[in-house]
Amino acid sequence: MDYAGLAEAAAAKIGQYRQDPGGWRGCRSTSEVVVSWRPSAEFSGNVYRAEGTVAARPEDVWECIKPVAGGLRTKWDQNVKDFEVVEAVSDAVSVCRTTTPSAFMRIISPREFVDVVLMKQYEDGTMLSAATNVEHPQCPPQPNFVRGLNYPCGCFCIPLPGEPDKTQLLSFFQTDLGGYLPQTVVDSFFPASIAGFYSNLTKAVKALKA
């Protein structure tokens, strides 16, 4: 399987989302993030766009969100129980398995996701983590988990000119949770989950700086 090619394609796709302002409909707004959505072209669900400003340097925000083994994400992100690198394809590309705890008052049982992840930095200092679902021989579906699928998704850590201690965090999420969940549960879960992601990230960054 061409993991690097799939990772690059996922990064290109969310780059297109970033450039495309049309069709997004707002669904949740807090002091930390504005969340909007539109129907996904990848699967029968929605793609969510989240944008907020974090009061920290891009390097500190990246330290909290970067998808690496032993990283900080499992410590602060309530939706990540465990994260492991299954195969390091290159310095920038890896195949990873993420497990999530039960959620939404246990209506959503634990999930597992196997993704190829790309990390890259652009000339303007923007840092990107992009991912999409793949299969891997070392990751057959595990008992006690429902296998979910992430379609092209990721986070841009964008420096703000003239404001070195602030970071624009632009994120795209499109996830098929799998299983047999009512659509109303799915549609309620994601905006709340994304708002929680930004809130918990803000706290994690403050703790990192303290």
Side-chain angles (χ1 to χ4, degrees), residues 3 5-29 33-52 65-67 73 77-80 83 93-101 103-104 107-120 126-136 139 141 145-158 168-198 200-201:
Y3 291 122
L6 291 168
E8 289 286 357
K13 176 67 73 173
I14 65 167
Q16 291 172 9
Y17 294 154
R18 181 184 177 187
Q19 301 298 329
D20 180 8
W24 300 99
R25 287 175 265 185
C27 59
R28 192 170 183 114
S29 180
V33 65
V34 175
V35 184
S36 52
W37 69 278
R38 70 185 191 196
S40 171
E42 309 289 329
F43 76 119
S44 60
N46 298 324
V47 52
Y48 292 89
R49 182 184 197 274
E51 186 171 2
I65 69 170
K66 65 182 179 182
R73 188 81 178 262
D77 190 341
Q78 293 176 343
N79 289 320
V80 176
F83 178 89
V93 177
S94 56
V95 177
C96 306
R97 177 176 180 262
T98 306
T99 58
T100 65
F104 219 61
I107 295 172
I108 300 173
S109 58
R111 260 48 180 181
E112 65 168 354
F113 300 89
V114 178
D115 300 294
V116 62
V117 180
L118 170 72
M119 294 184 285
K120 68 188 298 183
T126 295
M127 288 168 276
L128 167 67
S129 164
T132 192
N133 73 85
V134 292
E135 293 184 357
H136 193 280
C139 280
F145 290 98
V146 174
R147 175 66 64 92
L149 298 173
N150 286 316
Y151 291 88
C153 57
C155 296
F156 293 94
C157 283
I158 306 165
Q168 180 191 6
L169 185 65
L170 177 63
S171 309
F172 296 95
F173 303 87
Q174 51 180 341
T175 299
D176 181 353
L177 289 171
Y180 301 97
L181 293 169
Q183 194 60 42
T184 51
V185 169
V186 175
D187 292 344
S188 297
F189 170 72
F190 280 112
S193 172
I194 294 166
F197 172 88
Y198 273 74
N200 290 328
L201 171 61

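Count residues from 1 along the sequence. No experiment lies behind these values; they were computed from the predicted model shown.
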- Message: Once salt bridge (charged side-chain N to carboxylate O under 4.0 Å, His left out) is applied, what residue pairs with a partner in residues 36-52 remain, sequence neighbours excluded?
- Response: K13-E42, D20-R38, R49-E51
- Between R111 (side chain) and S109 (backbone), is there a donor-acceptor pair under 3.5 Å? yes
- Query: Tell me, do Y151 and V47 make a side-chain contact under 4.5 Å, heavy atoms counted?
  - Reply: no
- Query: Are N46 and D187 side-chain neighbours, meaning at least one heavy-atom pair lies under 4.5 Å?
  - Reply: yes
- Answer whether the closest heavy-atom distance between the side chains of N79 and F189 falls below 4.5 Å. yes
- Task: Measure the spacing between NZ of K120 and OG1 of T126 and express it to the nearest 0.5 Å.
- Result: 11.5 Å
- Query: Can you name the closest pair of heavy atoms from S129 and I14 and give their distance?
  - Reply: O-CD1, 4.4 Å
- Message: Would you say that F197 contacts V33 through its side chain, given a criterion of any heavy-atom pair below 4.5 Å between the two side chains?
- Response: no
- Item | F104 CZ to S193 OG distance, which is reported to the nearest 0.5 Å | 10.0 Å
- Note on the structure: On a heavy-atom basis, the closest approach of S171 and Y198 is OG-OH, 2.9 Å
- Heavy-atom pair of closest approach, residues F173 and A50: CE1-CB, 4.3 Å
- Message: The criterion is salt bridge (Lys or Arg N to Asp or Glu O under 4.0 Å); which residues satisfy it with R97, sequence neighbours excluded?
- Response: E84, E112
- Query: Any side-chain heavy atom of V95 within less than 4.5 Å of one from V114?
  - Reply: yes
- Message: Once you measure the plane-to-plane angle for F172 and W24, does it fall in the parallel (<30°), tilted (30-60°) or perpendicular (>60°) bin?
- Response: tilted
- Student check: side-chain heavy atoms of F43 and L149 closer than 4.5 Å: no
- Say you draw a straight line from CG of L169 to SG of C157; how long is it, rounded to the nearest 0.5 Å? 5.0 Å
- Item | Step-by-step side chain to side chain contact (heavy atoms under 4.5 Å, CB included) determination, S94 to V116 | CA-CA 6 Å; S94 56; V116 62; over 6 Å; no
- Rounded to the nearest 0.5 angstrom, the CG-CD1 distance for D77 and I65 is 10.5 Å
- Query: Are Y48 and C27 close enough, and set up right, to give a side chain to side chain contact (heavy atoms under 4.5 Å, CB included), and what steps lead you there?
  - Reply: CA-CA 9 Å; Y48 292 89; C27 59; 4.3 Å; yes
- Message: To the nearest 0.5 Å, what is the distance between CG on L181 and CD1 on I107?
- Response: 8.5 Å
- Note on the structure: Of all heavy-atom pairs linking A10 and A130, the shortest is C-CB, 4.4 Å
- Task: Please examine the side chains of R18 and F156, heavy atoms only from C-beta on, and report whether any two atoms are closer than 4.5 Å.
- Result: yes
- Message: Give me the atom names and distance for the closest heavy-atom approach of C96 to F83.
- Response: SG-CZ, 3.5 Å
- Message: Let's go through T100 and F113 carefully: what are the C-alpha distance in whole Å and the side-chain angles of both, what is the deciding distance for side chain to side chain contact (heavy atoms under 4.5 Å, CB included) to 0.1 Å, and is it a yes or a no?
- Response: CA-CA 8 Å; T100 65; F113 300 89; 3.8 Å; yes
- Task: Compare every heavy atom of C153 with every heavy atom of Q174, then report the nearest pair and how far apart it is.
- Result: N-CB, 4.2 Å
- Between N133, N150, T98, T132, which is the residue that forms a side chain to side chain donor-acceptor pair (under 3.5 Å) with D115? N150
- L177 and V146, any side-chain heavy atoms less than 4.5 Å apart: no
